[in-house]
Every structure is written in structure tokens, then in C-alpha cells.
> 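Here it is: the structure, laid out below.
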2 protein chains.
Amino acid sequence: MKNKNDRLQTIRQVVIECKIGSQEELLKELLHRGYTVTQATLSRDLKRLKITKTLDNTGEYRYRLTDLSFISEKSENNAKALGANSLEFSGPLAVMKTRSGYAGAIAAEIDQHAGEAVLGTIAGDDTILIIPREGFSRVEITNILSNLIENLS
Amino acid sequence: MKNKNDRLQTIRQVVIECKIGSQEELLKELLHRGYTVTQATLSRDLKRLKITKTLDNTGEYRYRLTDLSFISEKSENNAKALGANSLEFSGPLAVMKTRSGYAGAIAAEIDQHAGEAVLGTIAGDDTILIIPREGFSRVEITNILSNLIENLS
DNA sequence: ATAACGATTGCAAGTTTATACAAAAATGAA
DNA sequence: TTCATTTTTGTATAAACTTGCAATCGTTAT
């Protein structure tokens, strides 16, 4: 529990779980978990992790992840086992083809794990329509989905 | 071009169009467009607009809108009454999220009552894709749907 | 082992952002 | 209008964040 990667992982976790409003707060939370660092390091860590200070609905500042690909790094992920055949874009939309009958299951995984990058999905039998949130590029969507599902190019 | 609302609107525009990396930069850009304000005011404006400093793909800081939907809180609340959780737009399309299993029922209501503003809907389990007719703005669609959902409950 | 090189970190200084407070402007009621 | 009340803004300052630099830590090659 002392190397950089562990610390980064812990920061992610803390930011997701706690309402962190400043780097000082985060620093205390980390200290509490056995990591001794300076605020300067946290500034750099947060930059690496693309965690930024945002505004929640109550108008208060709160640190949040901007890059959602972290989700796929979470220990176990069913979607990876499920596989998918292709992913293509048309205008703002993405269409994923899956093995016959698998669309529903994979769509459910996407809904659950793709986070705010995806507004929603609609699944047929072997086709999933994915509606990305505005502001997310094709590359970003592809990255998020491909992290989620192994077999994508 | 001198009141607060105009300024806020302009700030939004500038942030979307230019790569703004600090409030000082934004200040200059606004000055350039005829608004004389101090950094303190900008800090407050950005808070109101929920525009925050984020990280772009190149790892540089950039101000961005946090709230990607322009949905009024009213319609969001109305939607919630029925079991719909949110309504957001992506390009010409609208996506409504509902409680699990409710999408079909709500989509049917929309088809039946939304009139000419909506070409059609496609429902998954908890997601409805709504295709507006060309020429209808997001605000119009939002109003129509929120009225509709209000009447349903 | 040790030299060389890259990565990581703390320190301190610099930059940027948030806010307390008071003044000014807008709003409203009588 | 005039007074009271709320909203908006600037000033000044505090708080929060970023970064250059040098020291340290880790690797790898010799």
C-alpha cells in the first residue's frame, strides 16, 4: 500500500465515495488510509487521473472523475466475458453488434458501467443502439466501451 | 449587451467556442466582446453556470460546462413523478430514462399524445429514444414532454 | 556494487480561484 | 417619490491550486 499506483487507485475510490471539496480534504482522507503525501503531489495525481473540481446539484464544489474509463478497471466485469462483434458510428449514435441473443445482457452492462458518457441504450436481439452524451467524442466512447468489452477493436 | 443575463449567455458561448484555460483568459475574451468585469464576478458567474475547469484529452486545463443538458428542473421533476428519471438531448434526438420496465408504457403515451412534434419513439427497458420532427427546438420538445408527463400523473 | 537515467516527490514560490465585506444598483411597497 | 430590501458587483484578501527546481527513489546496464 505504498506505491504510486495504489495511491492513485485509492484516490479514485475516495473521490467516488466521499464528498471531497478540496485537495486538503483529500489529503486528510488519504492520511487516514495510510498515505502520506503533500498537496502538490495530489494536484499532480488528480491531473493524471483527470479528476476535477466540479459543482454538484446543491451548488457546492466537489471533486469528480472526468474520465470514466476507470469503471472498466474495477475488478470483475461480466461484459468482457460476453464479447461483442463490432461497433460503428452513425452521426451521434453508436451501434454495437453482438452474438445473437446477447444484446440485452451487454446493453445492461453498458447501462450499468459506462457512466455519464452514455445517455442510454436500446437493445434488440443482436444489435444495441447506444446514445452517447453530447460532448463525448467517438474516440472517447470507443475507449470506454472497448475497455468495457474486450473483443472490440 | 450590458445586463447580467447577456453576459452569462456570452460566457457560455465563449467557453464552448474558445479554449479557455483560466478566468483571466475569459476576462480578456469578454472585454474583447464589450463586457467589462472583474475576475471575482467571473468566478461567481462560472459557479452559477456550472462551468468548471476540466482536463481535455491533451492533458491541458480547459473550462467546460458540467451540466450538459439544458433541461429545466421543472420538467425533470415532472418526469420523475411518472417514473421517468431524466430527459436529455443528443444531436437531433432526445433520450428519456425511466424506471426499469416503464419505457414501453411511457413511450406509448408519448406516441399517442405528443402530436406532430414527435415523429416516433423507440423504447427499450428503461430508455426511450424520441425522434423529434425537424424544426422543433429542444425547449419546445422539453415543454411538450413535460406537459404530457404532467397530465399522465 | 555503482554509474547513469528516468520517474516521483517535496518544497517553496507563483498563479489562479473563491469569498467576506461594503458599496452600488436594482426592485418593490407604500 | 422615498424608504426598505434584495441582488449584483468590485475590492481586497484568503484559500486553493499549479509548477519549477532540486533532491530522492528505482531501474537497468555495465
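Reminder, nothing fancy here: chain letters follow the sequence lines and each chain counts from 1. These values consider heavy atoms only, across backbone and side chains, with no hydrogens, waters or symmetry-generated copies. Quick caveat: nothing in here was measured; it's all calculated off a predicted structure.
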> More 5' along DNA chain D: Val37(B) or Tyr61(B), using each one's nearest nucleotide?
Val37(B)
> If I take atom CD1 in residue Ile20(A) and atom P in nucleotide dA16(D), what distance separates them, rounded to the nearest angstrom?
13 Å
> Just to confirm, is there a sub-4.0 Å distance from OP1 or OP2 of dT7(D) to any side-chain nitrogen or oxygen of Arg44(B)?
no
> Report the distance from atom CD of Glu25(A) to atom P of dA15(D), rounded to the nearest whole Å.
14 Å
> By nearest atom, which of the nucleotides dA18(C), dA12(C), dC17(D) is closest to the Gln23(A) side chain?
dC17(D)
> OP1 or OP2 of dC17(D) versus the side-chain N and O atoms of Ser43(A): is any pair under 4.0 Å?
no
> Can you see if the side chain of Lys47(B) gets near the phosphate of dT17(C) - specifically, an N or O under 4.0 Å from OP1 or OP2?
no
> Could you work out, with salt bridge (charged side-chain N to carboxylate O under 4.0 Å, His left out) as the rule, every residue matching Arg48(B), not counting sequence neighbours?
Asp45(B)
> Kindly work out whether a path of hydrophobic side-chain contacts (I/L/V/M/F/W/Y, heavy atoms less than 4.5 Å apart) joins Tyr61(A) to Leu49(B).
no
> Which whole-number value in Å describes the distance from Leu49(A) CG to dT18(D) C1'?
16 Å
> Starting from P on dA7(C), measure out to CG on Leu8(A) and report it in whole angstrom.
15 Å
> Please determine whether a side-chain nitrogen or oxygen atom of Arg7(A) lies at a distance below 4.0 Å from atom OP1 or OP2 of dT8(C).
no
> Does dT9(D) have OP1 or OP2 sitting under 4.0 Å from an N or O in the side chain of Thr41(B)?
no
> Classify Thr52(B) by what it touches in the nucleic acid, base, sugar-phosphate, or nothing, heavy-atom distance under 4.0 Å.
nothing
> If only atom types and distance count, is the side chain of Ser90(B) paired as donor or acceptor with the main-chain N or O of Pro132(A) below 3.5 Å?
yes
> Grab the NZ-P distance between Lys4(B) and dT6(D) for me, whole Å please.
16 Å
> Rounded to the nearest angstrom, tell me the gap between atom CG in Leu42(A) and atom P in dG10(C).
9 Å
> Nearest whole Å is fine: how far is dT18(D) C1' from Glu24(A) CD?
14 Å
> Quick one: Tyr63(A) OH to dT18(D) P, roughly how many Å, whole number?
6 Å
> Hey, mind stepping through Tyr63(B) and Thr52(B) against side chain to side chain donor-acceptor pair (under 3.5 Å) and telling me if it holds?
CA-CA 5 Å; Tyr63(B) 275 86; Thr52(B) 56; over 6 Å; no
> Indicate, yes or no, whether a donor-acceptor pair under 3.5 Å links the base of dA18(C) to the side chain of Gln39(B).
yes
> Please check the phosphate of dA16(D) (OP1 and OP2 only) for any side-chain N or O of Lys53(A) closer than 4.0 Å.
no
> Is a donor on one side and an acceptor on the other found under 3.5 Å between the side chain of Thr41(A) and the backbone of Val37(A)?
no
